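Just below is one structure, and these are the notes that go with it.
Chain letters run A, B, ... following the sequence lines, proteins first and then strands; every chain starts at 1. Values in this document were obtained by computation on a predicted structure and should not be read as measured data.
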There are 2 protein chains.
Amino acid sequence: MSAAFPGAGAESKADLVHRQLKEEIELGELAPGTPLSELWLVERTGASRTPVREALRRLAAEGLVDLVPRQGARVSRVSLQSVRDLFDFRSLLEPAAIRQATEAAATDAELRRVFTAMRSEFARTVRRAPSQARSRAFYELADRFDWAVIGATRNEHLRRTIAELRPHTARLRNLSHVDPRRVEVSVAEHLRMCDALLAGEADEAATAMAEHLTQSLATIFRNLARAPADGLDLLG
Amino acid sequence: MSAAFPGAGAESKADLVHRQLKEEIELGELAPGTPLSELWLVERTGASRTPVREALRRLAAEGLVDLVPRQGARVSRVSLQSVRDLFDFRSLLEPAAIRQATEAAATDAELRRVFTAMRSEFARTVRRAPSQARSRAFYELADRFDWAVIGATRNEHLRRTIAELRPHTARLRNLSHVDPRRVEVSVAEHLRMCDALLAGEADEAATAMAEHLTQSLATIFRNLARAPADGLDLLG
DNA sequence: CCTCGAGCTGTTGTATACAACTTGTATACA
DNA sequence: TGTATACAAGTTGTATACAACAGCTCGAGG
């Protein structure tokens, strides 16, 4: 019983290429602006042009690839303005999402269990000595937190839209350099969100999320001013 | 010089099929649930399977088509829950958008001119005697208003997301029956939005938009309860 | 009467050949 | 020297053939 529902067992080649490329773009292995010729991707992935094209089109719809007709695809560029836009938009969506998650948790014991466990993990993280490993562990945990919030979001459109923004955020993190001191503060922000969510205080949770995003953006900009990052266009 | 920027002059067959299908779905000519076999679309449009597939994939990304792997595409279904989700999401996005538009108009004379002209048109509409023609004219005008707001939205993500929701809203209007009395009220709501926007009162504009959306949803549900609409699943 | 399975039919997934276009280069000319 | 033009290489857009899979009918067996 490997397939839970029809068509779930098999991953099409288009899915495969899409997933691979998405991952590489997210990790920054394919830098912004990198040309993605269909033929090159055919050689690289072993698939034929048809699934490669489909993957590129899908990535373009997600904003990870810029597609110019009759000219080809490139990994989408990242400008200062696009970073601002991304975080402004997240500041609109994610407070609303955590508000819905808070309301959902009020009547869903399993959800409360998940967030309680996460709260413990965040608390453990903050007691560890600063290190590369701790930073990695924290961001992995923060990712799981974000996905949990997304999963608890009732509104289909809201859920899908936030999910689509995540690769952009992840890429930004992998393109810029991590500030170890940021981890301390960010853990505190996540603890605050967990507490509010578990206490059923939707407004407080939303506020905490908004401030968390504001702080994240500020940190990114501060670090960018200091260390003019690798794959970023600083035009905007 | 018909092409303002590279690749703008020619519309690919994929673009064509996409646009045609989108329009037919929006108008309700292709009812929710209608199967969209690739071969059938090939016969219908004259294009080959490759562009047809691309169009279907794009429509699926926009949520207008449901795509089941190895099984095919259908025009996406509309449930009561999906209508609620749509309007809840719009209530989150569009007040923010009109807020940005209001701020933009404060420093953009051309934008003010556009909205002033629209205000006049709305005022003219309200003085006409109720009729089918007036309803059509009003909705066409309301559409232009929405697009103007979208166009004045600074945030790229916000703009794209709202634009992507519009076909869903339009389809809903074309699937259900128009209530002539709603026009009266809706015109007033649009006048209020125009006034606030032109006066530079962003909060008032946002509030007006939020209430407008609330009223729209309420009307749709009221009419649906009375006249169980044609192409809608009433499961949710 | 019901269940199960083989085979058929029609569908989507994939590969590939061909057409149309864009860009860069080399050459001719003012 | 600068400019325009024709050619060539490489790219994407499109059509189509083939492969793999899902659903169905129909008959055999219990």
Side-chain angles (χ1 to χ4, degrees), chain A residues 1-22 25 30 32-77, chain B residues 1-22 25 30 32-77:
Chain A
M1 49 153 280
S2 65
F5 56 91
E11 183 182 43
S12 76
K13 296 214 175 181
D15 292 336
L16 188 89
V17 175
H18 171 78
R19 194 166 48 77
Q20 276 188 1
L21 274 178
K22 187 165 167 178
I25 294 173
L30 289 172
T34 305
L36 300 173
S37 138
E38 293 176 4
L39 233 56
W40 182 63
L41 292 173
V42 163
E43 289 176 9
R44 232 165 144 270
T45 63
S48 78
R49 275 186 66 208
T50 310
V52 164
R53 275 177 74 86
E54 186 178 326
L56 283 176
R57 297 321 216 267
R58 238 189 278 176
L59 290 166
E62 299 169 34
L64 292 172
V65 153
D66 289 335
L67 213 47
V68 182
R70 294 231 164 255
Q71 195 163 337
R74 309 176 88 86
V75 178
S76 71
R77 297 190 176 277
Chain B
M1 51 155 288
S2 66
F5 56 91
E11 183 183 43
S12 74
K13 296 213 174 181
D15 292 336
L16 188 89
V17 175
H18 170 78
R19 195 167 46 77
Q20 278 188 359
L21 274 178
K22 187 165 165 177
I25 294 174
L30 289 172
T34 305
L36 299 173
S37 136
E38 293 176 5
L39 231 57
W40 181 64
L41 292 172
V42 162
E43 288 176 10
R44 233 166 143 270
T45 63
S48 76
R49 277 186 63 207
T50 309
V52 164
R53 276 176 73 86
E54 186 178 326
L56 283 177
R57 295 326 216 266
R58 238 189 279 176
L59 290 166
E62 297 168 32
L64 291 173
V65 153
D66 289 334
L67 212 48
V68 182
R70 292 227 165 260
Q71 197 163 335
R74 309 175 89 85
V75 178
S76 71
R77 298 189 175 278

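- Counting only heavy atoms from C-beta outward, the side chains of A/Val75 and A/Leu36 approach each other to under 4.5 Å.
- The distance between atom CZ of B/Arg57 and atom P of C/dT12, rounded to the nearest whole Å, is 9 Å.
- Ion pairing between a basic and an acidic side chain is recognised when a charged N comes within 4.0 Å of a carboxylate O; B/Glu54 and B/Arg58 show such pairing.
- The two residues A/Asp66 and A/Arg77 make their nearest non-hydrogen contact at OD2-N, 3.8 Å.
- Near DNA chain D, meaning a heavy atom under 4.0 Å away, the residues from residues 37-50 of chain B are B/Ala47, B/Ser48, B/Arg49, B/Thr50.
- Residue A/Leu16 contributes atom CG, which lies 15 Å from atom P of C/dG13 at whole-angstrom precision.
- Side-chain contact between A/Leu21 and A/Leu30: present, with at least one pair of heavy atoms (C-beta onward) separated by less than 4.5 Å.
- Under the 4.0 Å criterion applied to side-chain N and carboxylate O atoms, B/Lys22 and B/Asp15 are not assigned as salt-bridge partners.
- Phosphate contact (OP1/OP2 of D/dA20, side-chain N/O of B/Arg70, threshold under 4.0 Å): absent.
- Taking atom CG of A/Asp15 as the reference point, atom C1' of C/dT12 lies 13 Å away to the nearest angstrom.
- Under the 4.5 Å side-chain criterion, counting only non-hydrogen atoms from C-beta, B/Arg44 is not in contact with B/Gln20.
- Pair assignment for D/dA17 gives C/dT14, based on Watson-Crick or G-U wobble hydrogen-bonding distances that are each under 3.5 Å.
- Protein atom CD of B/Glu11 is 15 Å distant from nucleotide atom P of C/dC21, rounded to whole Å.
- Between B/Glu54 atom CD and D/dA15 atom P the separation is 12 Å, expressed in whole Å.
- For the pair B/Gln71 and D/dC21, the criterion of a side-chain N or O lying under 4.0 Å from OP1 or OP2 is not met.
- Between B/Arg74 and C/dT11, a side-chain N or O to OP1/OP2 separation shorter than 4.0 Å is absent.
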